[in-house]
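Report on the structure given below.
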Amino acid sequence: MKVSTQMKSTAKLSKGKPRIVIHSREEIPTQFVSEDVEREWWATHELAEDILPDDEEIDRATEQHRDLIRRLQAGEAGVHRHRPVLKRTRA
């Protein structure tokens with residue numbers, strides 16, 4: 001049985017503590033001080049189903065990513081690889 005995300009405000013952590021359910025992308029910090037702080041934050045928060053992408057959005061993004069990878073591999077994406085120029089100095 002699927003529980004409505006509007007009715008569900010918390011979920012249970014593995015230790016029995018309630019998790020905070022995020023219902024808006026604005027609730028997610030734009031920056032974290034460190035990866036450890038971000039990891040701790042996500043350990044106590046989860047995304048509500050209503051803000052997750054649907055299957056159609058995932059399929060569209062996947063196809064866009066595949067196309068970009070193909071163009072990058074073929075050198076057709078307008079991105080040039082940086083190759084450092086090594087200069088030798090005479091002693």
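Bear in mind the structure is a predicted one, so any value in this text is a computation, not a measurement. In what follows, every heavy atom counts, from backbone to side chain, and hydrogens, waters and symmetry copies are set aside.
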Next item on the list: Could you tell me which non-hydrogen atom of W41 sits nearest to which non-hydrogen atom of I28, and how far apart they are?
Entry: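 Answer, listing the atom of W41 first, then I28: CH2-CA, 4.0 Å.
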Item checked: Heavy-atom closest contact (A48 atom, V21 atom, distance) ->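 In this case the closest contact between A48 and V21 is CB-CG1, 3.6 Å.
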So, taking the atom named [atom1] in [X] and the one named [atom2] in [Y], what distance separates them when rounded to the nearest 0.5 Å?
{"X": "W42", "Y": "R19", "atom1": "CH2", "atom2": "CZ", "value": "9.0 Å"}
{"X": "R25", "Y": "L47", "atom1": "CZ", "atom2": "CG", "value": "7.0 Å"}
{"X": "E38", "Y": "H45", "atom1": "CD", "atom2": "NE2", "value": "12.0 Å"}
{"X": "E46", "Y": "L52", "atom1": "CD", "atom2": "CG", "value": "9.5 Å"}
{"X": "E49", "Y": "D54", "atom1": "CD", "atom2": "CG", "value": "12.5 Å"}

Item checked: Side-chain heavy-atom pair Q64, D67 within 4.5 angstrom cut-off ->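 Not touching, per the 4.5 Å side-chain cut-off.
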Next item on the list: Would you mind reporting whether E63 and R60 have side-chain heavy atoms less than 4.5 Å apart?
Entry: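 R60 vs E63: side chains apart.
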Note to self: More than 12 heavy atoms of other residues, nucleotides or ligands under 6.0 Å from CD of E35: yes or no?
What the structure shows: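 Atom CD in E35 is not packed in, count stays at 12 or less.
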Item checked: D55 atom CG, over 12 foreign heavy atoms within 6.0 Å ->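 No, not enclosed.
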Checklist line | Shared hydrophobic cluster, L68 / I58 (ILVMFWY, side-chain heavy atoms < 4.5 Å) | finding: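 They do not share one cluster, since no chain of ILVMFWY contacts under 4.5 Å joins L68 to I58.
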